[in-house]
Amino acid sequence: MRFSINVKVLPLLLLFVFCNYYAQNNLNKPNIIVIMADDLGYGDISTYGNKEIYTPHLDTLALNGIKFLDFHSNGSVCTPTRAALLTGNYQQRSGLEGVIYVQKEKRIYGLSNTEATMGKLFQNAGYKTGIFGKWHLGYQPQYNPIHAGFDQFYGYLSGNIDYISHRDGIGIYDWWLNDKLNYEEGYVTDLITNHALDFIEKNKKNPFLLYLPHEAPHFPYQGRNDKADRLSENQDFEMLGSRVDKDKAYKEMVEIMDANIGRIIKKIKDLHLESNTLVFFCSDNGARKPGNNGNLKGYKGSLWEGGHRVPAIAYYPKEIKKGSVTNIPTMSMDILPTILSMANIKTDKEFDGKDISDVLFSEEIPKERPLFWRFKNQKSIRLGNWKYLKIGKKEYFFDLKKDTEEQFNIIANYPNKTQKLKQLLFKWESEMNTYSQKTN
C-alpha cells in the first residue's frame with residue numbers, strides 16, 4: 001500500500017511535529033530561580049527562629065520545601081560567594097578571594113570572561129537568562145553580566161547603593177540596563193522584583209534561569225519612605241545611612257524583601273509554572289550588626305560559624321517533600337552543579353561544588369567531604385562535624401554536632417584529628433595558591 005501526503009499539508013505537519021518535540025523537550029527543563037539575600041544572618045528570618053522579623057513568604061517556602069540547617073556561603077563577604085555561586089568552584093580559582101572595592105583605583109578587577117558561568121552554561125542550553133539586582137563581580141565594561149551569559153541585566157555593579165538615589169559608596173550613579181546606565185526612580189528591592197516579574201512573564205513559554213541577588217538587608221539602612229542619603233560624588237554621607245533607628249530599618253528591609261519574594265511566587269503560580277520551577281534561596285554571608293546570626297559566634301567577615309553559616313531554602317513542589325529539613329553540610333558552590341543536573345545540562349567542566357540532588361529529593365546521605373574557607377588571616381576546614389579554625393596564630397578545634405556555638409576549643413583532646421584536618425587544609429591551600437588573586 002502506498003501513502004501520499006498533500007504538499008499543502010506537509011508544512012503544517014512538520015510544524016506540529018516540531019512544536020510537539022519542543023514542548024516535550026522543555027518538559028525536562030525546569031525553570032530555575034536563585035534568590036540571594038545580602039548580609040542576611042542565620043537568625044534573621046522567622047523560620048530560623050527570629051521572633052521580631054515577620055517573613056511569611058520565606059516561612060511558607062520552608063514549610064513546603066526543604067530548609068538547610070548547615071548551609072554555608074563560600075565566603076564571609078560578598079564578592080567571593082558570588083564568584084563561587086556562578087562558577088561552581090572555590091572563589092580562589094577565579095582570583096576573587098576578597099572584595100572588589102568601590103574606590104576608583106580598585107575598580108579594575110572582575111570575573112573573567114573565560115569562566116564557564118552559570119549564565120553561559122544555561123544560555124548555551126537554550127535557557128533565557130536574567131539577573132536583576134547586585135552584581136559585585138566587576139565594574140569595567142568587559143565584566144558586565146551580559147558578558148557572563150545573561151541575556152538581561154537590571155541592577156547595579158557595586159557592593160551596595162543608596163536604595164533611593166541608586167548611588168554607590170563613593171556617590172557614583174550605579175543603575176544599569178544591560179551595559180547602559182539607566183535612570184529610574186524607585187526603591188531597589190521593589191524595582192528588581194518588578195523587572196524579574198516582567199522577565200518571567202516574557203519567558204513563560206521558555207525555560208528560564210532567573211538570578212535575583214537582592215541588596216537587602218545590606219546597608220545603607222533605608223526603608224521605602226526614607227530620604228536618599230547619597231546625592232552626588234562630591235558629598236560626604238554616612239555609609240550606613242542617616243536613619244537613627246537602624247534596627248527598625250533593618251526589620252523593614254528584610255520584611256520588604258520577603259514581601260517581594262512573595263510576589264515572585266505568586267507570579268509563577270498565576271502562570272501555572274510552579275510545578276516546574278525550582279526556587280533556591282540563600283544569603284551571601286552572615287549578618288553584620290544589627291543583623292542576627294542566631295546562636296552562632298561571629299559576624300560577616302569572620303570564619304566563625306556566624307560569618308558563613310546562612311539560611312537556605314529550596315522549593316520545588318513536584319520533587320521536594322514538604323517540610324523537609326537537612327543537616328548535611330552544603331555550600332554556595334553546590335548550587336550550580338545541582339541545577340545543571342536538574343536541567344539535564346551536560347558539560348565536561350569539573351566543579352569543586354557537588355550535585356546535591358540527593359539532599360533535595362531523597363533521604364540519602366552523601367559521602368562526607370572536606371569544605372574549606374580562607375579570608376585574610378583566617379583559614380578553616382570542615383570535615384563532618386569537625387571544624388579546624390586558625391585566626392592569625394591562634395588555633396581552634398570544634399565538634400559542631402555538640403558545640404554549634406563554638407564555645408569549647410577541644411584541640412588538645414584530638415591531636416590526631418586536628419593534624420588530619422590541617423594536612424587536608426595545607427593540600428587545598430597549596431592548590432589554591434597556584435591561582436593569582438586579584439582581590440584581598
Side-chain angles (χ1 to χ4, degrees), residues 36-55 58 69 71-82 98-99 101-102 134 136 158-164 168-169 187-189 213-224 226-227 229-230 236-258 281-312 332 373 375-378 380 389 391-392 394 396 403-407:
M36 179 172 276
D38 195 353
D39 291 5
L40 185 78
Y42 191 80
D44 266 334
I45 57 179
S46 45
T47 188
Y48 281 81
N50 195 297
K51 305 299 183 184
E52 304 296 327
I53 298 177
Y54 182 57
T55 54
L58 286 170
L69 300 183
F71 184 90
H72 298 261
S73 57
N74 267 69
S76 60
V77 289
C78 306
T79 298
T81 296
R82 293 159 199 278
V99 176
Y101 290 102
V102 70
K134 173 175 174 173
H136 209 187
S158 183
N160 68 88
I161 58 173
D162 187 294
Y163 283 75
I164 313 301
D168 67 19
Y187 187 72
V188 166
T189 309
H214 277 279
E215 179 171 19
H218 196 295
F219 65 76
Y221 301 117
Q222 297 169 309
R224 279 196 187 107
D226 292 329
K227 68 180 182 66
D229 291 315
R230 307 175 188 180
D236 291 329
F237 50 80
E238 184 181 348
M239 185 61 67
L240 302 183
S242 62
R243 183 151 168 185
V244 176
D245 55 341
K246 290 180 171 53
D247 287 355
K248 186 176 179 182
Y250 192 92
K251 170 181 164 65
E252 288 177 24
M253 293 161 72
V254 174
E255 292 181 349
I256 290 171
M257 178 182 68
D258 179 79
F281 170 84
C282 61
S283 179
D284 66 342
N285 47 250
R288 56 169 290 157
K289 294 181 180 180
N292 184 343
N293 291 320
N295 67 343
L296 304 178
K297 186 174 183 177
Y299 287 89
K300 174 183 178 178
S302 81
L303 294 188
W304 298 105
E305 288 295 288
H308 56 82
R309 188 186 290 221
V310 296
S332 313
W373 293 264
F375 183 58
K376 295 187 177 180
N377 70 334
Q378 308 167 84
S380 180
L389 170 65
I391 304 176
K394 183 67 175 176
Y396 304 87
D403 182 22
T404 309
E405 299 178 19
E406 298 175 295
Q407 292 183 326

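- Scanning all heavy atoms of the two residues, the minimum distance from G41 to Y250 falls at N-OH, 4.3 Å.
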Any chance you could lay out the side chain to side chain donor-acceptor pair (under 3.5 Å) test for S46 and T55, step after step, and finish with the verdict? CA-CA 6 Å; S46 45; T55 54; 2.8 Å; yes

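- Note that CG of L303 is 9.5 Å distant from CD of E406, once rounded to the nearest 0.5 Å.
- Residues V254 and I45 form a side-chain contact, since some pair of their non-hydrogen atoms from C-beta on lies under 4.5 Å apart.
- Atoms CE and CZ, from M253 and F219 in turn, are 10.0 Å apart once rounded to the nearest 0.5 Å.
- The two atoms that bring G75 and T81 nearest to each other are N-OG1, 2.9 Å, heavy atoms only.
- The pair R288-D39 fails the salt-bridge criterion, with no side-chain N (NZ, NE, NH1 or NH2) lying under 4.0 Å from an Asp/Glu carboxylate O.
- When side chains are defined from C-beta on, N293 counts as touching Y299, because their heavy atoms get closer than 4.5 Å.
- In terms of modelled atom types and a separation under 3.5 Å, the side chain of D44 and the main chain of N292 share a donor-acceptor contact.
- A side-chain hydrogen bond (donor to acceptor under 3.5 Å, both in side chains) with D162 is found for exactly one of R230, Q222, K227, namely Q222.
- Within the 3.5 Å criterion, the main-chain N or O of L69 finds a donor-acceptor partner in the side chain of Y42.
- To the nearest 0.5 angstrom, Q378 atom CD is 9.5 Å from W304 atom CH2.
- A donor-acceptor contact shorter than 3.5 Å links the side chain of N50 to the backbone of I53.
- Across all non-hydrogen atoms, the minimal contact from S332 to N74 is OG-N, 3.2 Å.
- Using a cutoff of 4.0 Å between basic side-chain nitrogens and carboxylate oxygens, R82 and D38 are scored as salt-bridged.
- Side-chain contact between I256 and Y163 is absent, with no heavy-atom pair separated by less than 4.5 Å.
- The CZ atom of R309 sits 6.0 Å away from the CG atom of L296 when rounded to the nearest 0.5 Å.
- Side-chain atoms of E255 come within 3.5 Å of backbone atoms of Y54 as a donor-acceptor pair (strictly under, hydrogens ignored).
- Using modelled atom types, no side-chain atom of K297 and backbone atom of E305 make a donor-acceptor pair closer than 3.5 Å.
- Rounding to the nearest 0.5 Å gives a distance of 10.5 Å between NE2 of H214 and CG of L40.
- At a threshold of 4.5 Å between non-hydrogen side-chain atoms, the residues H136 and V99 count as touching.
- Of all the heavy atoms in G301 and F375, the pair that sits closest is O-CD2, 3.4 Å.
- Under a 3.5 Å cut-off, the side chain of E238 and the backbone N or O of P220 do not form any donor-acceptor pair.
- Rounded to the nearest 0.5 angstrom, I391 CD1 and S302 OG are separated by 7.0 Å.
- Not one N or O on the side chain of N285 forms a donor-acceptor pair closer than 3.5 Å with the backbone of K300.
- Side chain of W373 to backbone of S73: a donor-acceptor contact under 3.5 angstrom is found.
- Put simply, the side chain of M36 does not reach to within 4.5 Å of the side chain of K134, judged on heavy atoms.
- Side chain of K251 to backbone of E52: a donor-acceptor contact under 3.5 angstrom is found.
- Contact check for Y221 versus R243: no side-chain heavy atoms found under the 4.5 Å cut-off.
- Using a 30° and 60° split on the angle between ring planes, H72 and H308 fall in the tilted class, from 30° to 60°.
- The closest donor-acceptor contact from the side chain of D258 to the backbone of L58 lies under 3.5 Å.
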